[in-house]
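Notes follow once the structure below has been shown.
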Amino acid sequence: MKGFCLLFCMVLIFGFVKTVDAESKQVMGFIENALVYPGEIKIPAKLDTGADNSSLNVKVLTEFARDGETWVRFQVTDSDGKTFNLERKLIRLAKIKRNGAPRQKRPVVLMGVCVGNFYKEAEVNLVDRSRFKYQLLIGRSFMKGGIVVDPALEHTVQPQCPQEKLSLE
């Protein structure tokens, strides 16, 4: 009986800790609007718990050298159809697993992303996502620690991140 009481108490304590932790995170739908920085570019995003990393739809991707480092220049189109020309330092090339297709090498850059009032500077791989419905795929590495996804919801929050957090301008 003593063992049962101890086990019962442990289950209650650990269940409470998980509940408190989950309550400190923002619940969002699987589709939300996001702001991408630099540029404060509004883009519809899919919050995908099945993806490790985040991917951004880009056009006209070119590499170039700046101060002895590799950079990339690319175009991003916002939800209103306005095109932005961006330049970011190349962090690395990622090998991405694709469903039913060979791995693909993609350039990875650091970008700021805001969903709701959750902001994080994150590695984002750049790829042509024009055949997909959503230009931005937000993966688990971004959401970890701040976002819980409810797949029954969409468009529950608008991006409203405090300006002082945005160091990528």
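Closest non-hydrogen pair, Asn53 versus Leu137, comes out as O-CD2, 3.9 Å. Of all the heavy atoms in Gly146 and Phe118, the pair that sits closest is CA-CE1, 3.4 Å. Scanning both residues, Ser79 and Pro44, for their nearest heavy atoms gives CB-CD, 3.9 Å. In this structure, Ser141 and Lys120 approach most closely via the heavy-atom pair O-NZ, 3.3 Å. Nearest approach of Gly29 to Leu47, heavy atoms of both residues: O-CD2, 3.8 Å. Considering every non-hydrogen atom in both Lys89 and Glu69, the closest pair reads NZ-OE2, 3.3 Å.
The shortest side-chain heavy-atom distance between Arg88 and Pro38 falls under the 4.5 Å cut-off. Contact check for Val124 versus Phe142: no side-chain heavy atoms found under the 4.5 Å cut-off.
The side chain to side chain donor-acceptor pair (under 3.5 Å) analysis of residues 57-67, with sequence neighbours excluded, yields the pairs Arg66-Glu87.
Remark: of the listed residues Arg129, Gln135, Arg106, Arg106 is the sole one forming a side-chain hydrogen bond (donor to acceptor under 3.5 Å, both in side chains) with Ser55. Partner of Pro107 under the side-chain contact (heavy atoms from CB on, under 4.5 Å) criterion, out of Ile91, Leu90, Val58: Leu90 alone.
A cation-pi arrangement is present between Arg73 and Phe64, with the terminal nitrogen or guanidinium carbon under 6.0 Å from the aromatic centre and inside a 45° cone about the axis.
Within a 6.0 Å radius of NZ in Lys46, no more than 12 heavy atoms belonging to other residues, nucleotides or ligands are found.
Cluster annotation: Ile31 is connected to Val157 through the hydrophobic network of ILVMFWY side chains, with a link wherever side-chain heavy atoms come within less than 4.5 Å.
In this structure, the side chain to side chain donor-acceptor pair (under 3.5 Å) partners of Arg140, at least two apart in sequence or on a different chain, are Asp52.
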With side-chain contact (heavy atoms from CB on, under 4.5 Å) as the test, would you mind laying out the steps for Ile138 and Met143 before giving the verdict? CA-CA 7 Å; Ile138 297 178; Met143 294 184 279; 4.0 Å; yes
